[in-house]
Amino acid sequence: LSLKFGDIGNLKGLVIRLFLTTSYYQLSVQNWFILHRLQLLYNHSLQATFNATGIHAPASYSFHCEHVSSLQRYDALLVPSSANDLSQLWEVTFTDFQIQGFNVQEGRFAYARDCASLFSPAILMGLVMSLILLLVLAYALHMLIHLKSLDRHYECKASPAYFAQMKDNDMGDEKEPLRNSGNESYELRNQQFGKIYI
């Protein structure tokens, strides 16, 4: 596929040549077209050759990409074929690039297969955040289960407060009458529990 710029100023001698092939793939059970390389010719002289990577689509579809470029900031789908030729001196960028090599009907593009990756940065960030939230939830559930087992552990270990029990027959020995004006009072001899007046 050759793109000629006609009589547009300095570009009238520039030709962009795209090499496409179609192949049948048994895995997908259909024909696919592939852009293999791109050549730049100026005044019938070959200036640069770029190998294309990742530019393919089913033969009944078209291929669309926001940027097809030789620059790294656009993912460099066009790679210079050799370090020794003039390709290193050229920077090629197509904006809103769409191509269909075969099965073109009524001069219109078919449904486009986009070059956007299934794992874009936004999708990857969402997956990472979901994984972090799942780990936090699992840790919280683990801590709740662990807290229940601690409660059972302390229930077994804890002992109620011990208070010495006094027998009724000992109570008579422990009390001593106090002399008071008109009231009968008793004082416990054992001072461990304090004094009780009746």
Side-chain angles (χ1 to χ4, degrees), residues 1-139 141:
L1 177 65
S2 294
L3 302 177
K4 298 180 179 179
F5 289 87
D7 296 329
I8 304 176
N10 296 330
L11 299 178
K12 65 180 181 179
L14 181 63
V15 176
I16 299 174
R17 189 176 292 166
L18 305 165
F19 291 88
L20 299 118
T21 60
T22 181
S23 301
Y24 179 78
Y25 289 93
Q26 293 182 355
L27 189 63
S28 61
V29 197
Q30 61 181 339
N31 287 320
W32 285 62
F33 78 85
I34 302 168
L35 175 61
H36 288 283
R37 64 182 180 273
L38 178 144
Q39 289 182 343
L40 298 176
L41 293 91
Y42 190 74
N43 291 333
H44 306 289
S45 174
L46 182 62
Q47 300 294 316
T49 302
F50 295 90
N51 293 327
T53 58
I55 302 178
H56 50 77
S60 58
Y61 287 56
S62 64
F63 175 86
H64 176 265
C65 200
E66 188 66 29
H67 292 98
V68 171
S69 176
S70 61
L71 303 176
Q72 288 298 327
R73 67 171 177 264
Y74 296 127
D75 296 331
L77 295 178
L78 301 175
V79 180
S81 61
S82 174
N84 299 326
D85 62 9
L86 297 176
S87 302
Q88 299 289 339
L89 303 176
W90 287 78
E91 292 181 355
V92 179
T93 300
F94 295 99
T95 303
D96 197 19
F97 179 83
Q98 189 167 1
I99 189 171
Q100 182 177 351
F102 308 95
N103 301 325
V104 179
Q105 297 178 0
E106 299 178 2
R108 295 184 179 181
F109 285 116
Y111 180 81
R113 180 183 181 274
D114 205 272
C115 67
S117 173
L118 294 177
F119 292 100
S120 64
I123 293 174
L124 286 176
M125 184 59 91
L127 289 174
V128 169
M129 291 302 297
S130 300
L131 181 62
I132 291 172
L133 290 175
L134 283 175
L135 290 174
V136 170
L137 179 63
Y139 180 74
L141 290 174

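Rounding to the nearest 0.5 Å places CG of L1 at 10.5 Å from CZ of F19. Note that the CD atom of Q39 and the CG atom of L46 stand 5.0 Å from one another [nearest 0.5 Å]. The distance from the CG atom of L35 to the CG atom of L20 is 5.0 Å, given to the nearest 0.5 Å. Rounded to the nearest 0.5 Å, atoms CD1 (I55) and CZ (F97) are 5.5 Å apart. Note that CG of L14 is 8.5 Å distant from CG of L41, once rounded to the nearest 0.5 Å.
Two residues are said to be in side-chain contact when any heavy atoms from C-beta on lie closer than 4.5 Å; L38 and R17 fail this criterion. For the pair W32 and S23, the minimum side-chain heavy-atom distance is 4.5 Å or more. Between I99 and F33 there is a side-chain heavy-atom pair separated by less than 4.5 Å. Between V92 and F94 there is a side-chain heavy-atom pair separated by less than 4.5 Å. Taking 4.5 Å as the limit, every side-chain heavy atom of V79 sits out of range of all side-chain heavy atoms of F50. Between T49 and R37 the shortest side-chain heavy-atom distance falls below 4.5 Å.
For residues 69-78, the set of pairs meeting the side-chain hydrogen bond (donor to acceptor under 3.5 Å, both in side chains) definition, not counting sequence neighbours, comprises S69-T93. Under the disulfide (SG to SG under 2.5 Å) criterion, no residue pair touches residues 21-50, with sequence neighbours excluded. Residue pairs meeting the side-chain hydrogen bond (donor to acceptor under 3.5 Å, both in side chains) criterion with at least one member in residues 52-63, sequence neighbours excluded, are S62-Q98. Listed by first and then second residue, the disulfide (SG to SG under 2.5 Å) pairs that reach into residues 27-70 are C65-C115, sequence neighbours excluded.
When the side-chain hydrogen bond (donor to acceptor under 3.5 Å, both in side chains) test is applied to T22, no partner is found at least two apart in sequence or on another chain. Residues passing the side-chain hydrogen bond (donor to acceptor under 3.5 Å, both in side chains) test with N43: none are found, sequence neighbours excluded.
Annotation: Y111, atom OH; neighbour count of heavy atoms from other residues, nucleotides and ligands within 6.0 Å does not exceed 12. In the displayed structure, Y24 atom OH is contacted under 6.0 Å by more than 12 heavy atoms of other residues, nucleotides or ligands.
With F63 as the aromatic partner, R113 does not meet the cation-pi criteria of under 6.0 angstrom to the ring centre and within 45 degrees of the ring axis.
With hydrogens and angles ignored, the 3.5 Å screen pairs a side-chain donor or acceptor of Q100 with a backbone N or O of A110.
Defined by atom type and a distance below 3.5 Å, a donor-acceptor pair is missing between the side-chain atoms of H67 and D96.
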